[in-house]
Each structure stands twice: as structure tokens, then as C-alpha cells.
Amino acid sequence: MAQQENEVLKVDADGYVVDTEDCEARELAHRERGTARPITVVGNPVLHRECKDVTEFGAELAQLIDDMFASQRAAEGVGLAANQIGVDQKVFVYDCPDDEGVRHTGVVVNPKLVDLPAAARVLDDSNEGCLSVPTAYASLPRPDYAEVTGQDAQGNPIKVRGTGYFARCLQHETDHLHGFLYIDKLSKRDRKDALRQMAEGTPRYETVPNE
């Protein structure tokens, strides 16, 4: 299927991307153009190092983004970083609700988390999971508000913000691209328990076995 015209999202009065409109149509368009790929899992070297910055914004990146949306849906995820399908580039996609049930759909290239002042860091210790640590979950405190800066698929500067579950997603996916899994932030005991859960479970999607 042919590539669609470049997607340009609106921004709100504060300059943040409006990623809550036409989510179903936008996600479907990406997915129909893409091909689902298997998910890399903890232990794969690409997950444990910082990814390379994206410098070329063209057809190859557009196809990667389409494949990432297809892969995310196939694995029933709400966010996916490029290294989770084995690609060493700083890109993540998301299709994630916030705590109010509002759906957010988009892509961020070369993301950076904005360092929030201490007063804005209200921690939420909800459970967290990861497609690259299948079947495992653990409680992990994270700020319940997050801002990410980066670029869109055409290289334009963008800002994305979110609360609750969506804030957790933004932080989780940005961490991936800098070589960190959520289990790296756990205590040794909780990390061991998460890996035990993974060893005892069966992923519901195709994964890349580690050699």
C-alpha cells in the first residue's frame, strides 16, 4: 500500500502536540502500511545500550514507524521503542490511554525527557510491564506527569506531555532508547522476581530468542 501524505498534528496553545484526535484512523493507516516484527527480549544487546540518533527523515524512517505500529498492535502493547524490534535508532510509537481513558497516539523521534522540578514529581507506584520482559509485572514509582521533547517523522521539533498511565508510557519508552528496561530500576529482589515471572510465563506474541 502506498505511503500516505505526511502526517502533521496540531499543537495546543502551549505548543504541545494534540495527539488525541483521529487516533483510530491514524493508527490504522500506519498499521496497514506496516509489517509486524517479532519483539526482542531482555538479554538482547540492542536493548542494553543507547540507540543512535536519527539523522535521516525519509521513506526508510516512515516505513520503520509503520512497522512499529503494526508490531505494537500485534503484541497488544501501548508503546514500542525501535530497539524492541531490533532497530538501533531513537524512535518510539505509542497508542496509550491516560488515567481518564483518553487515547493518545503518536510517534517521537530522538526523545528527551524534560527534567521536572521536585514539586512536580508526584510519584505513582503502579505496576509496570514491558513487551521485552513478557508476562512479568512489578510495582515501580514514576512521576505521574511527564514531558518529552523530540522530533516528528519529518524532523520537525515537537513536545508531548501526559499524565498517569500515559506519563508512565512516555518515560518507559524514552528509557528504552537510552538502554534501560524498567526492571533495571527495580531492587535486586524485585528484578529477580520479574525475571522469574518471565521464565515461567509464555509470551502471547512472537519474540526473538536470545542466543
Side-chain angles (χ1 to χ4, degrees), residues 3-4 6-7 9 17 19 23 26-96 104-113 128-134 146-160 162 166-185 203 205-211:
Q3 294 286 340
Q4 291 188 346
N6 290 343
E7 177 183 70
L9 296 180
V17 164
D19 56 8
C23 291
R26 291 189 291 109
E27 189 273 343
L28 178 61
H30 282 296
R31 185 159 42 90
E32 286 186 333
R33 295 191 301 262
T35 300
R37 306 190 201 179
I39 304 297
T40 55
V41 296
V42 58
N44 189 307
V46 75
L47 294 174
H48 302 284
R49 60 174 183 259
E50 183 173 354
C51 291
K52 296 175 182 176
D53 290 342
V54 174
T55 57
E56 297 291 332
F57 295 83
E60 187 174 337
L61 176 61
Q63 187 60 60
L64 171 61
I65 291 168
D66 291 341
D67 288 355
M68 289 173 67
F69 272 103
S71 304
Q72 175 179 253
R73 174 57 70 95
E76 300 178 15
V78 296
L80 187 76
N83 53 354
Q84 291 186 273
I85 56 169
V87 178
D88 185 13
Q89 293 197 61
K90 285 182 181 171
V91 187
F92 75 77
V93 302
Y94 60 89
D95 187 17
C96 182
H104 299 259
T105 303
V107 55
V108 185
V109 181
N110 299 327
K112 294 182 180 179
L113 278 171
E128 189 160 328
C130 179
L131 296 178
S132 293
V133 193
E147 295 184 12
V148 172
T149 62
Q151 293 163 281
D152 65 14
Q154 289 76 50
N156 303 308
I158 57 171
K159 298 191 297 182
V160 181
F166 181 43
R168 181 174 293 272
C169 176
L170 293 174
Q171 296 168 80
H172 180 110
E173 302 308 331
T174 303
D175 281 350
H176 265 305
L177 299 176
H178 289 83
F180 298 103
L181 300 171
Y182 85 98
I183 60 172
D184 296 329
K185 296 177 178 290
Y205 43 84
E206 185 181 2
T207 61
V208 179
N210 293 329
E211 297 185 7

Residue list, salt bridge (Lys or Arg N to Asp or Glu O under 4.0 Å) with Glu56, at least two apart or on another chain: none
Beyond-backbone contact of Arg49 with Asp88, side-chain heavy atoms, under 4.5 angstrom: yes
Minimum-distance pair of heavy atoms, taken over all atoms of Gln89 and Ala82: O-CB, 3.3 Å
Leu64 side chain near Ile85 side chain, heavy-atom distance below 4.5 Å: yes
pair Cys130-His176: side-chain heavy atoms closer than 4.5 Å: yes
Member of Gln151, Glu50, Lys112 meeting the side chain to side chain contact (heavy atoms under 4.5 Å, CB included) criterion with Lys90: Glu50
Val41 backbone acceptor or donor facing Asn44 side chain under 3.5 Å: no
Listed partners of Glu128 passing salt bridge (Lys or Arg N to Asp or Glu O under 4.0 Å), at least two apart: Arg142, Arg168
CD/Glu60: more than 12 non-hydrogen atoms of other groups inside 6.0 Å: no
Spatial distance of atom CZ (Arg33) from atom CG (Leu28) [nearest 0.5 Å]: 9.5 Å
Sequence-distant partners of Glu147, salt bridge (Lys or Arg N to Asp or Glu O under 4.0 Å), two or more places apart: none
Nearest non-hydrogen partners of Asp67 and Gly34, listed with the distance: OD1-CA, 3.3 Å
CA sep, side-chain torsions, deciding dist, call: Gln72, Leu131, side-chain contact (heavy atoms from CB on, under 4.5 Å): CA-CA 9 Å; Gln72 175 179 253; Leu131 296 178; 5.6 Å; no
Side-chain donor/acceptor of Asn83 to backbone N/O of Gly179, under 3.5 Å: no
Close side-chain approach of Asp152 to Leu9, heavy-atom, < 4.5 Å: no
Which atom of Tyr94 lies closest to which atom of Val107, heavy atoms considered: CE2-N, 3.8 Å
Atom of Ile183, atom of Val42 and distance for their closest heavy-atom approach: CD1-CG2, 4.0 Å
From CZ (Phe92) to CD1 (Ile65), nearest 0.5 Å: 11.5 Å
Validation row: Glu173, Leu177 side chains within 4.5 angstrom (heavy atoms): no
Over all atoms of both residues, closest heavy-atom pair of Pro111 and Val108: CB-CG1, 3.6 Å
Donor-acceptor under 3.5 Å (His48 side chain, Gly43 main chain): yes
Side chain to side chain, Thr105 and His30, heavy atoms closer than 4.5 Å: no
Rounded distance [0.5 Å steps], CZ in Phe69 versus CZ in Arg26: 7.5 Å
Polar side-chain atom of Thr207 near backbone of Thr40 as donor-acceptor pair, under 3.5 Å: no
Over all atoms of both residues, closest heavy-atom pair of Ser132 and Leu181: CB-CD2, 4.4 Å
Inter-residue atom distance Arg31.CZ - Met68.CE, 0.5 Å rounding: 15.5 Å
Residue pair Val160, His104: steps toward the side-chain contact (heavy atoms from CB on, under 4.5 Å) verdict: CA-CA 10 Å; Val160 181; His104 299 259; over 6 Å; no
Pair Asp175-Gln171, side-chain donor/acceptor within less than 3.5 Å: no
Note, Leu80 side chain near Ile39 side chain (heavy atom, < 4.5 Å): yes
Phe57 atom CZ: more than 12 heavy-atom contacts under 6.0 Å: yes
Min side-chain heavy-atom separation Pro134-Tyr205 under 4.5 Å: yes
